[in-house]
Amino acid sequence: MSKDKKLVEAITSMDEDFARWYTDIVKKADLVEYASVKGCMIVRPYGYAIWELIQNELDRRFKETGHENVYMPMFIPESLLQKEKDHVEGFAPEVAWVTHGGSEKLAERLCVRPTSETLFCDHYKDIVQSYRDLPKLYNQWCSVVRWEKTTRPFLRSVEFLWQEGHTVHATADEAQEETIRMLNVYASFCEEILAIPVIKGQKTEKEKFAGAKATYTIESLMHDGKALQTGTSHNFGDGFAKAFGIQYLDKDNKLKYAHQTSWGMSTRLIGAIIMVHGDDSGLVLPPKVAPVQVIIVPVQQNVEGVLEKAYELKERLSKICRVKIDDSDKMPGWKFAEYEMRGVPLRLEIGPKDIQKDQVVLVKRENREKLFVPMDELETKVPEVLDEIQASLYNKALNLRNSRTFKATTIEEMENILDDTQGFIKAMWCGDAECEKEVKDRTAATARCIPFEQEKISDKCVCCGKEAKEIVYWGRAY
RNA sequence: CGGGGUGUAGCGCAGCUGGUAGCGCGCUUGGUUCGGGACCAAGAAGCCGGAGGUUCGAGUCCUCUCACUCCGACCA
């Protein structure tokens, strides 16, 4: 049938071309439009609504753990950016500069923040004097700019939305505790809300954040077997404090350097949702981040009583979930396809036949399973089904990751696996950066993380064969 | 930063060896429809990415430029 053909034409299939499938979804689900500046995106209402749900949930969790929101300027004077050596070197290549105000050339050029460490540090040095001032647990919601050469909506754009937490502590232990605490907040958020399973671990020296003492990460696996760094949490030790002069007078009347952390998650999470849960019919949203959880599609809405009934159901459901009705004069079939593309978890069909039988038809987005539900059981059944979907999506993602996680004891084995497929490869490592580099050069896979959950699959380093220190997750990454 | 691709109506495209622009979808109005992307009728809509050149005449040929996009090296 020509109708079917049209449907498949709308979105490129994942297997055929994953990258195109991704951009098709982003556009067809109306998440993003390309902007007039290369690499920038217009986040459309539907995409932004997902971001707001993410934001609300994260913000709640930040506040629960004692953090306060602040807002820093968007510009950083060049001299300030340069105070911490590793940090500038890390970010310099992708910084955008403001050189003029109006027609006047500025005495000192200003960088558009790529991240706000230096701004926070500069502020902290002013507000921290005593151990009594500590800790300071701040977070900021904002956008940052990184002049990327290769860009993709949500995954890597020149400007993106994110949150950056910045904290100052009296001791190294407290900073370390905070770093791990927030990594755990991220991990549980991903698993509970986004239904994305993550691997928690530490970044290698090579992969860690510019200026950090240690970087921790949560890594997740996309549908094409590539890894995505979903969130990071950094322990700065007292490196930034020394560069910026953040000192406090301790109980023992001695002047000490403070210890800091920072942690961030971005709109990249939306990319992760797409690439973990999406399918060839479009986006699939976990109910907890779905702007619309139930879409009501009236069938034969011109028949007397149908629309009235549909509105009544909407009234009832709006008390327990995010529900919308599409009463436009489009064909029901068109609406089915449209809301599948947009990833709405649950569709409710209501037509003359249902009214006669005093029931509604529920259809799950994830597998098109149809449920016939008596009208008066709606309030109990809908939340139940939404929960089921949330859990099912998580399990599917977990199964996918497990089936795409391999073990290797030699670099040849890694090469063979990666020639064949994509995924996480667990392999032992001696800790030498040379070996890390060689693995990367030969397999194009990078060390994603040194997982907290260690296991021993061999005594020897996958690369040099010398004594191995730890197991590492390797993979090609976004 | 290297390699490829594309710029013509809101979107997707056609437009041959040069003669001032067309198709599909969408949009507007009216009507009939409605359980997997309906149909009829009547409309609205284009500085052919930009600049230069060749020509009586340029979406069409030549030169330059700009933008976007995809694939590789660096990054949330």
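Below, chains carry the letters A, B, ... as their sequence lines are ordered, and counting in each starts from 1.
Residue-to-nucleotide contacts include a donor-acceptor pair under 3.5 Å from the side chain of Thr150(A) to the base of A73(B). Contact of Arg146(A) with C75(B) (side chain to base): no donor-acceptor pair of N or O atoms is detected under 3.5 Å.
Going from the C1' atom of G37(B) to that of G5(B) covers 30 Å, rounded to whole Å. Atom P of C40(B) sits at a distance of 15 Å from the matching atom of U33(B), rounded to the whole Å. Straight-line distance between the P atoms of G49(B) and C74(B): roughly 37 Å, to the nearest whole Å. Here, G2(B) and C25(B) have their P atoms 43 Å apart, quoted to the whole Å.
Comparing C27(B), C1(B), A38(B) against the side chain of Met331(A) picks out A38(B) as the nearest. Considering only the side chain of Asn302(A), C34(B) comes nearest among C34(B), C74(B), G35(B).
Between the side chains of Glu84(A) and Thr118(A), not a single donor N or O lies within less than 3.5 Å of an accepting N or O.
Phe424(A) and Tyr473(A) have perpendicular rings, their planes meeting at more than 60° on a 0 to 90° scale where under 30° would count as parallel. Relative ring orientation between Phe120(A) and Tyr138(A) is described as tilted, the plane-to-plane angle lying within the 30° to 60° band.
An aromatic stack links Phe160(A) and the base of A76(B), using centre distance under 5.5 Å and interplanar angle under 30°.
At a threshold of 4.0 angstrom between heavy atoms, the contacts of Val361(A) include nucleobase atoms, whether or not backbone atoms are also involved.
Residues Glu369(A) and Val363(A) have side chains not in contact (no heavy-atom distance under 4.5 Å, counting atoms from C-beta outward).
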